[in-house]
Amino acid sequence: MLFCILLALGLSRLLASALLKPLNKLRRLMVEVESNDLDVRFRSKYDDEVSAVGHRFNRMLDQIQILFEEVRTTEQDKRRFEVKALQAQVDPHFLYNTLNTMFWKSESGEKKDVSEMIVSLSLLFRLGLNDGKDITSVEQEIKHVEQYMQLQQKCYEDLFVYRIEVGDPSCYAVDILKILLQPLVENSILHGFNDKEDLGVILIRIDRQGDTLRLEVADNGCGMDVAGIYAEDVPDGDAKVMPYPISMAD
């Protein structure tokens, strides 16, 4: 009788272990999924109720991965369309003021200024188009924003001066999204210097900080509710800082 009892206990333990083993395996997989590992899958050579649950678990993971890819693709398309919309936006007032200034300067006989504005406007559009590519170099981006500021200086004489500082020469070769600086500079000119009587100053600083490219546009205009970062260079100013991870461009 004692032998039968021991045998029954041993067999029941083996049976319980055999039944609970796939359940424990499925539980471990669920714990891994909680740790954001969606590549795990349940595998079993048996065709029982636990295997059926495991196969449903696998199908659920497949559906989750498909949904993640769809969301990721949608977000990427959304960001790409937003960038294209920003890049394609040409302020009608800017174009009208530029052409109007060129007309009046030509009427006044200021042929040199007119020729310089024509060259700057053509370079602005050529650099902005960038052969249909969304990525450009920091050097090309600086040339683009320089042409924009030169045109604005012709349209709004004695309104502002600008300075561009590049800390690390290697920044020139870094690839970034095109037309990043021009909207910030445009904001400084149209809003920062709107009610300013003395000369405006726009300072563009570009430097590397580890794996990050730091793009900064500061001005001494009316500003926001925060103090300027570089008050000694741009007094009472407002700074817009755009950190750009270099690894994204590479």
Side-chain angles (χ1 to χ4, degrees), residues 71-91 94 120-153 160-193 200-221 223-250:
V71 171
R72 186 180 296 111
T73 302
T74 302
E75 288 297 322
Q76 290 176 349
D77 292 340
K78 180 181 177 182
R79 287 195 295 268
R80 184 164 58 250
F81 292 148
E82 288 175 349
V83 170
K84 285 185 177 295
L86 177 64
Q87 293 169 348
Q89 181 182 6
V90 177
D91 190 351
F94 163 69
S120 294
L121 188 61
S122 62
L123 285 175
L124 180 74
F125 284 122
R126 182 175 65 82
L127 293 168
L129 292 173
N130 195 36
D131 296 328
K133 301 175 183 177
D134 293 330
I135 302 298
T136 187
S137 65
V138 170
E139 183 177 8
Q140 294 294 96
E141 182 68 10
I142 291 175
K143 291 180 179 179
H144 179 269
V145 76
E146 275 188 309
Q147 302 306 320
Y148 176 80
M149 289 189 290
Q150 289 173 10
L151 285 170
Q152 292 287 39
Q153 282 182 326
F160 71 95
V161 294
Y162 69 88
R163 188 166 79 252
I164 299 176
E165 298 178 358
V166 180
D168 190 339
S170 65
C171 293
Y172 287 109
V174 176
D175 291 334
I176 60 174
L177 286 172
K178 66 179 182 180
I179 315 182
L180 285 178
L181 296 175
Q182 184 262 325
L184 301 179
V185 172
E186 181 180 5
N187 182 72
S188 296
I189 297 172
L190 298 183
H191 303 289
F193 306 143
V201 178
I202 296 177
L203 174 62
I204 299 177
R205 276 193 174 100
I206 301 175
D207 205 353
R208 300 181 74 140
Q209 294 182 345
D211 294 333
T212 302
L213 181 70
R214 181 185 176 92
L215 308 174
E216 178 182 345
V217 178
D219 63 69
N220 65 339
M224 298 183 294
D225 294 332
V226 294
I229 294 180
Y230 296 100
E232 71 277 8
D233 294 326
V234 188
D236 302 325
D238 174 27
K240 301 110 181 154
V241 181
M242 184 182 299
Y244 191 94
I246 298 176
S247 58
M248 271 182 56
D250 294 341

- prompt: So, Asp219 side chain and Ile189 main chain: donor-acceptor pair closer than 3.5 Å or not?
  reply: no
message: To the closest 0.5 Å, what do you measure between CD (Gln140) and CD1 (Ile179)?
response: 12.5 Å
Heavy-atom closest contact (Ser188 atom, Ile202 atom, distance): CB-CD1, 4.2 Å
message: Rounded to the nearest 0.5 Å, what separates atom OG1 in Thr136 from atom NE2 in His144?
response: 9.5 Å
task: Just say parallel, tilted or perpendicular for the rings of Phe160 and Phe193, cut-offs at 30° and 60°.
output: parallel
pair Ile142-Tyr172: side-chain heavy atoms closer than 4.5 Å: yes
message: Given 3.5 Å as the limit, does a donor-acceptor pair link the side chain of Asp168 with the main chain of Cys171, or not?
response: no
task: May I ask you to test the Leu177-Ile135 pair for a side-chain heavy-atom distance under 4.5 Å?
output: yes
message: Looking at Glu141 and Leu181, would you say the former's side chain and the latter's main chain have a donor-acceptor pair under 3.5 Å?
response: yes
field: Among Leu203, Leu184, Asn187, side-chain contact (heavy atoms from CB on, under 4.5 Å) partner for Val217
entry: Leu184
message: Any heavy-atom pair between the side chains of Lys133 and Lys178 that's under 4.5 Å?
response: no
query: How long is the gap from CD on Gln152 to OH on Tyr162, to the nearest 0.5 Å?
result: 12.0 Å
- request: Look at the side chain of Glu139 and the backbone N and O of Ala173, then say whether any donor-acceptor pair between them is shorter than 3.5 Å.
  value: no
query: Looking at CD of Gln182 and CD of Gln147, how far apart are the two atoms once the value is rounded to the nearest 0.5 Å?
result: 12.5 Å
query: Between Leu180 and Pro183, what is the shortest heavy-atom contact and its length?
result: O-CD, 3.5 Å
task: Spell out, as yes or no, whether a donor-acceptor pair under 3.5 Å connects the side chain of Asn220 to the backbone of Val201.
output: yes
